[in-house]
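Working notes, structure below.
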Amino acid sequence: MRADRERLEQALTNLILNAVEAMTREGTLTIGLDADDSWLAIVVEDTGAGIPPEAQRRIFEPFFTTKARGPAWGWPLPGG
């Protein structure tokens, strides 16, 4: 099985950071793996409030965010 390590690491980092932000102080973050000879599934679950129904259809749009402030991209931008 082959994967792009950097992209996978960035995706997991983003999922984990978003989950931590979404949870209350007493929240739980669960990460699980399931695999066989031909596939791998990574499951990331949290006890946060979830994604509002009106935002669910947009979550795969680049730069979409439900955060109230700050840029929606995951990297620093040069000042201008």
Side-chain angles (χ1 to χ4, degrees):
M1 189 172 311
R2 300 176 63 89
D4 183 322
R5 179 180 178 215
E6 290 179 11
R7 286 184 178 202
L8 185 57
E9 183 177 330
Q10 186 63 57
L12 288 171
T13 298
N14 289 346
L15 284 171
I16 292 166
L17 291 175
N18 285 339
V20 169
E21 286 182 14
M23 291 186 292
T24 62
R25 187 173 165 166
E26 300 295 323
T28 300
L29 175 64
T30 304
I31 301 172
L33 297 173
D34 192 13
D36 70 11
D37 292 336
S38 62
W39 58 270
L40 171 71
I42 302 171
V43 179
V44 180
E45 298 177 306
D46 67 68
T47 57
I51 300 168
E54 63 274 8
Q56 289 179 8
R57 63 183 173 82
R58 298 189 58 208
I59 62 173
F60 293 107
E61 293 177 15
F63 311 118
F64 174 74
T65 185
T66 58
K67 294 179 183 177
R69 61 185 174 92
W73 19 85
W75 60 87
L77 297 176

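The structure displayed is predicted, hence computed values, not measured ones. Only heavy atoms go into these numbers, but all of them, side chains included; no hydrogens, no water, no symmetry mates.
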- Item | Contacts of Ala11 that satisfy side-chain contact (heavy atoms from CB on, under 4.5 Å) - sequence neighbours left out | none

Roughly how far, to the nearest 0.5 Å, is the [atom2] atom of [Y] from the [atom1] atom of [X]?
| X | Y | atom1 | atom2 | result |
| --- | --- | --- | --- | --- |
| Leu33 | Leu40 | CG | CG | 6.0 Å |
| Thr65 | Ile59 | OG1 | CD1 | 12.0 Å |
| Met23 | Thr28 | CE | OG1 | 7.0 Å |

- Listed once per pair and sorted, the salt bridge (charged side-chain N to carboxylate O under 4.0 Å, His left out) pairs that draw on residues 6-19, sequence neighbours left out: Asp4-Arg7

- Task: Check whether any side-chain N or O of Asp36 sits under 3.5 Å from a backbone N or O of Trp39 as a donor-acceptor pair, and report yes or no.
- Result: yes

- Message: If hydrophobic clusters are built by linking Ile, Leu, Val, Met, Phe, Trp and Tyr wherever their side-chain heavy atoms come under 4.5 Å apart, do Leu17 and Ile51 end up in the same one?
- Response: no

- Task: Answer yes or no: is there a side-chain heavy-atom contact under 4.5 Å between Val44 and Leu12?
- Result: yes

- Any side chain to side chain donor-acceptor pair (under 3.5 Å) involving residues 42-63? Give me the pairs, sequence neighbours left out, ordered by first then second residue. Arg58-Glu61

